Amino acid sequence: MFEKTVNKTKAWKKLEHHYKHFRKLQMKDLFAVDPDRAKKFSVNFDAMYLDYSKNRINDRTMKLLLNLARECDLENKIKAMFKGDKINVTEKRPVLHIALRNRANTPIYVDGKNVMPQINEVLAKMKKFSDAVRFGEFRGQTGKKLTNIVNIGIGGSDLGPVMACEALRKYWAKDINCYFISNIDGTACAEVLNKIDPETTLFIVASKTFTTIETLTNARTCRKWLVDALGEHAVAKHFVALSTNTKEVEKFGINPENMFEFWDFVGGRYSMWSAIGLIIAIAVGFENFERMLEGAYAMDQHFYNTDFEHNIPVILAMLGIWYNNFFGLHRYAVIPYDQYLQYVPMYLQQLDMESNGKFVAMNGEYVKYATGPVLFGGAGTNVQHSFFQLIHQGPEVVPIDFVIPAISHNEVGEHHEILVANVLAQGEALMRGKTVKEAAAELKKAGKSREEINYLKRFKSFEGNRPSNTIVFKKIDPYTLGMLIAMYEHKVFVQGVVWNVDSFDQYGVELGKQMALSILPELQGTAYGIGHDASTTSLIELIKKLRK
Ligand code: F6P
């Protein structure tokens, strides 16, 4: 276990010192004096190109940041994850999403047992089943082809599938439609059930634990809807489960033969590569699902084998730490300029914030430094017209990752060139800014009076020096999507290592769940006043009254 407090390391101290001298430097000046800067601070790996030159860094910054990673024993931590050590210390579990896409099939041992045969077995079962659904060999109770595929799950059992299905929409089989029910709000269920026909619907109940109240409640509602229409026998033809918990799946009334297993060594938010990805495989075909695994595997190999200087996840992670812990910037945005990637930020919110939003370090002590930032985002150019005002002129700088494919799946007229022009313009504008003097000169040129110029010039100025990374792909396909997501998984892992938190537990979601369970009987009128604060008690009473 890493016992040293990161903010007491030599590298951290040096970075603090470096920051003091460096924080005022302007990126545009660094570009002006170094014609090689763009080349120097970029990495091309396989189908991915990362330009990180628009960051507030120089050679020394990178050297110190990478030294910090070394001082945190990152190299050994990476090895420990890949070989199946129990690095999820609080839950005493290995963390092996990398095994799910281990295309070389090299053995990986957990408690002396190679996990690859069981992973391959489930992948083979997924292939067989997804093919059977796609080609109409596995049909519904009344003999009709299953063309409406409904994933019922939440958190990691929903966000990965939603994000990947949307990202790969162009690869969907023509006659297949995917739906997702996650929220306990009855609207989520009702809206989907209104659109589909029980005879052509396959429900996939996705839950690692198979105890999550939202998923089980939604699954029961859908089961009843199906049984009301087609009878109890139909369940076997219209329901499958994805879980680690065979006992609960059986208890729910799904035959374990219709269950696709995964294991405790796969965290919920890291599970889209497992059986949880079944809806992706049905939508895009198993070959494409495998391409996604291959892309992720390529990134795993890059992460495992590449020196830190050229290692994309390590570089991104350490840049994030530079801003979060030294500049004090605790927000971070991911902006894909691709409509199909619109759910990537939402997916990354769970990946990043559930993994590293922690205040206790591995040694059981409270951390004395910032950990996971607030992550937000959305698809460009839409977000330019919503929150980019704050990104450009808000007093707190928000570091950004831009993601852009060079080629669109829908090359319509000049749309894509306009899209690309915008993402590049945003990066440049954030970096260069516009001085008050420049703004004044523009106003003058526009014929404004001296009084107007003096008043407006600051409103019209941009301080610039705002950092961004640009991640470019030729095209978003299953392979590049796999690379992109695995890249972020490893980035989050590296940051967790540096902050010395357990990136693979999620105790922070428990308290609210517990309290909801105690409030429920009060709302239902079977229990009264169980020691809440005055605000909660009066809200319970108000809502009960309104519901009468
Ligand atoms: O509430 C958080 C969480 O435990 C996530 O970590 C997980 O992805 C989600 O709930 C769903 O859990 P399950 O797959 O067990 O239903």
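Note that this is a predicted model, so its numbers are computed, not measured. Both backbone and side-chain heavy atoms feed into the values below; hydrogens, waters and symmetry mates do not. Each ligand, and each atom within it, is numbered from 1 in the order the structure gives.
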query: Mind checking whether Tyr323 and Tyr332 have ring centres under 6.0 Å apart?
result: no
task: Keeping the roles fixed (side chain from Asp46, backbone from Met48), state whether a donor-acceptor pair exists under 3.5 Å.
output: no
statement: Under 4.0 Å between heavy atoms, the region of Thr209 that gets near ligand 1 turns out to be both
task: Measure Gln506 to ligand 1 on non-hydrogen atoms and call it side chain, backbone, both or neither using the 4.0 Å cut-off.
output: side chain
message: Please list the nearest protein heavy atom to atom 6 (O) of ligand 1 with its residue and the distance rounded to 0.1 Å.
response: Glu354 OE1, 2.7 Å
Under 3.5 Å, side-chain donor or acceptor atoms of residues 160-173 against the rest of the protein: list the pairs with distances, not counting sequence neighbours.
from   : atom 1 : to     : atom 2 : distance (Å)
Glu166 : OE1    : Arg169 : NE     : 3.1
Glu166 : OE1    : Arg169 : NH2    : 3.2
Glu166 : OE2    : Gln342 : NE2    : 3.2
Lys170 : NZ     : Asn410 : OD1    : 2.8
Trp172 : NE1    : Cys165 : O      : 2.9

Enumerated ligand 1 atoms positioned under 4.0 Å from heavy atoms of Lys513: 1 (O), 4 (O)
field: Lys237 NZ/CZ over Phe138 ring centroid, <6.0 Å and within 45° of normal
entry: yes
field: Atom indices of ligand 1 within 4.0 angstrom of Gly156 heavy atoms, with elements
entry: 7 (C), 8 (O)
Anything under 3.5 Å between a donor and an acceptor, one on a side chain of residues 250-267, the other on a protein residue two or more places apart or in another chain? List them.
from   : atom 1 : to     : atom 2 : distance (Å)
Lys251 : NZ     : Glu248 : OE2    : 3.2
Asn255 : OD1    : Glu257 : N      : 2.9
Asn258 : ND2    : Ala236 : O      : 2.9

- prompt: Does one side chain, of His330 or Glu396, offer a donor that lies under 3.5 Å from an acceptor on the other?
  reply: no
- line: atom 9 (C) of ligand 1 sits nearest the protein heavy atom Ile154 O, 3.7 Å
- prompt: Checking side-chain contact (heavy atoms from CB on, under 4.5 Å) for the pair Val403/Leu341: CA distance, chi angles, key distance, verdict?
  reply: CA-CA 9 Å; Val403 181; Leu341 297 185; 4.1 Å; yes
task: Could you say whether the N/O atoms of Gly268 and ligand 1 ever approach to under 3.5 Å?
output: no
query: Considering Ser182, Ser157, Ala206, Gly508, which one's heavy-atom position lies nearest to atom 14 (O) of ligand 1?
result: Ser157
- prompt: Thr215 to ligand 1: N or O pair under 3.5 Å?
  reply: no
query: Can you tell me which residue and heavy atom of the protein come closest to atom 12 (O) of ligand 1, and the distance to 0.1 Å?
result: Thr212 OG1, 3.5 Å
